[in-house]
Amino acid sequence: MGLARRIAELFRVKVHKALDRAEDPREVLDYSYARQLELLNKVRRGVADVATSRKRVELQLDQLRTSADRLEGQARQALSLGEDAIARQALARRTAALAQVDDLQGQRASLQGEEERLALASQRLQAKVEAFRTRKETLKATYTAAEARTRISESVTGISEEMGDVGVAVQRAEDRTAQLEARASALDELLASGALQDATLPAGRDDLQTRLDALTAGGDIDEQLARMRRQLEAAPPPSADRDDAG
């Protein structure tokens with residue numbers, strides 16, 4: 001196989017694959033049916049044209065036969081009147097008319113045979129077109145059902161293109177969530193170990209200093225309570241006489 005032929009074969013294979021992906025068999029069937037109808041209509045028009053020509057020849061035959069009969073009558077009349085020349089001329093014309101009748105009869109027979117052949121071909125073609133139409137509708141219904149079943153199955157199994165996109169989005173969301181959870185756990189561990197300071201604390205202070213300040217604040221309160229107790233104990237009790245005088 002030559003290089004050019006190989007390239008042609010490769011191109012043909014790629015074209016067929018592209019068509020398989022792009023074309024809808026139902027549209028192809030409808031297009032084929034439409035083309036068959038066009039062909040059937042052409043055959044029918046051919047039958048009609050031949051029939052029209054046959055009718056035209058038959059009209060001409062009727063006119064020639066009528067003319068031949070009239071010329072024969074004229075020849076008889078001229079002969080009865082002793083006009084042999086006129087009778088001879090009428091008979092000559094009648095002979096020419098009958099010759100044309102013979103020719104037209106041959107044409108009519110030929111046209112009639114052609115009309116019958118075309119009519120038979122039209123009937124056969126019409127039967128094939130009707131059979132194709134029935135087959136076409138069956139195939140379209142079967143294809144539509146198979147397409148619907150395939151889409152449902154793809155949706156259920158998640159292998160369709162749309163479901164594949166959804167699966168990718170879900171996987172990305174899960175991965176992102178896992179990353180955020182891992183980051184949050186790592187930050188919690190760093191904060192607990194003290195390796196990472198809380199940004200909400202005042203500048204220059206850490207958790208240890210906060211705990212020390214809390215202990216110191218607690219000591220100040222205890223000292224204040226002790227001082228208040230001493231002051232209460234040192235104060236003199238109220239005098240009874242003073243109360244009476246009042």
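- The salt bridge (charged side-chain N to carboxylate O under 4.0 Å, His left out) search around R176 returns none, not counting sequence neighbours.
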Side-chain atoms of residues 48-58: list all donor-acceptor pairs with protein atoms under 3.5 Å, sequence neighbours left out, distances to 0.1 Å.
| from | atom 1 | to | atom 2 | distance (Å) |
| --- | --- | --- | --- | --- |
| T52 | OG1 | A48 | O | 2.8 |
| S53 | OG | D49 | O | 3.1 |
| R54 | NE | E115 | OE1 | 2.4 |
| R54 | NH1 | E58 | OE2 | 2.9 |
| R54 | NH2 | E115 | OE1 | 3.3 |
| R54 | NH2 | E115 | OE2 | 3.4 |

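- The stretch residues 135-146 participates, sequence neighbours left out, in these side chain to side chain donor-acceptor pair (under 3.5 Å) pairs: R26-T144, D30-K136, D30-K140.
- Contacts of S32 classified as side-chain contact (heavy atoms from CB on, under 4.5 Å), with partners at least two apart in sequence or in another chain: V28, F132.
- When side chains are defined from C-beta on, L40 counts as touching S122, because their heavy atoms get closer than 4.5 Å.
- Judged as a salt bridge (charged side-chain N to carboxylate O under 4.0 Å, His left out), and not counting sequence neighbours, the contacts of E130 are R133.
- Here the NZ atom belonging to K128 is positioned 13.5 Å from the CD atom belonging to Q123, to the nearest 0.5 angstrom.
- Under the salt bridge (charged side-chain N to carboxylate O under 4.0 Å, His left out) criterion, R45 pairs with no residue, sequence neighbours left out.
- Taking CG of L125 as the reference point, atom CG of L118 lies at 11.5 Å (rounded to 0.5 Å).
- Between K42 and E38, no side-chain nitrogen of the basic residue sits less than 4.0 Å from a carboxylate oxygen of the acidic one, so the salt-bridge criterion is not met.
- Within the 4.5 Å cutoff, no side-chain heavy atoms of R117 are placed close to those of L120.
- L98 pairs by the side-chain contact (heavy atoms from CB on, under 4.5 Å) definition with A68, R94, not counting sequence neighbours.
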Report, one line per pair, each donor and acceptor closer than 3.5 Å where one atom sits in a side chain of residues 178-187; sequence neighbours left out.
| from | atom 1 | to | atom 2 | distance (Å) |
| --- | --- | --- | --- | --- |
| S185 | OG | E181 | O | 3.0 |

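- Taking R44 as the reference, Q126 meet the side chain to side chain donor-acceptor pair (under 3.5 Å) condition, with sequence neighbours excluded.
- Note that OG1 of T177 is 12.0 Å distant from CZ of R172, once rounded to the nearest 0.5 Å.
- With sequence neighbours excluded, no residue satisfies salt bridge (charged side-chain N to carboxylate O under 4.0 Å, His left out) with E27.
- When the side chain to side chain donor-acceptor pair (under 3.5 Å) test is applied to D175, the partners found at least two apart in sequence or on another chain are Q171.
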Solution key, residues 80-92 side-chain donor-acceptor pairs under 3.5 Å, sequence neighbours excluded:
| from | atom 1 | to | atom 2 | distance (Å) |
| --- | --- | --- | --- | --- |
| S80 | OG | R76 | O | 3.4 |
| S80 | OG | Q77 | O | 2.6 |

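- Taken from CD in E72 to OG in S67, the straight-line distance is 11.5 Å, to the nearest 0.5 Å.
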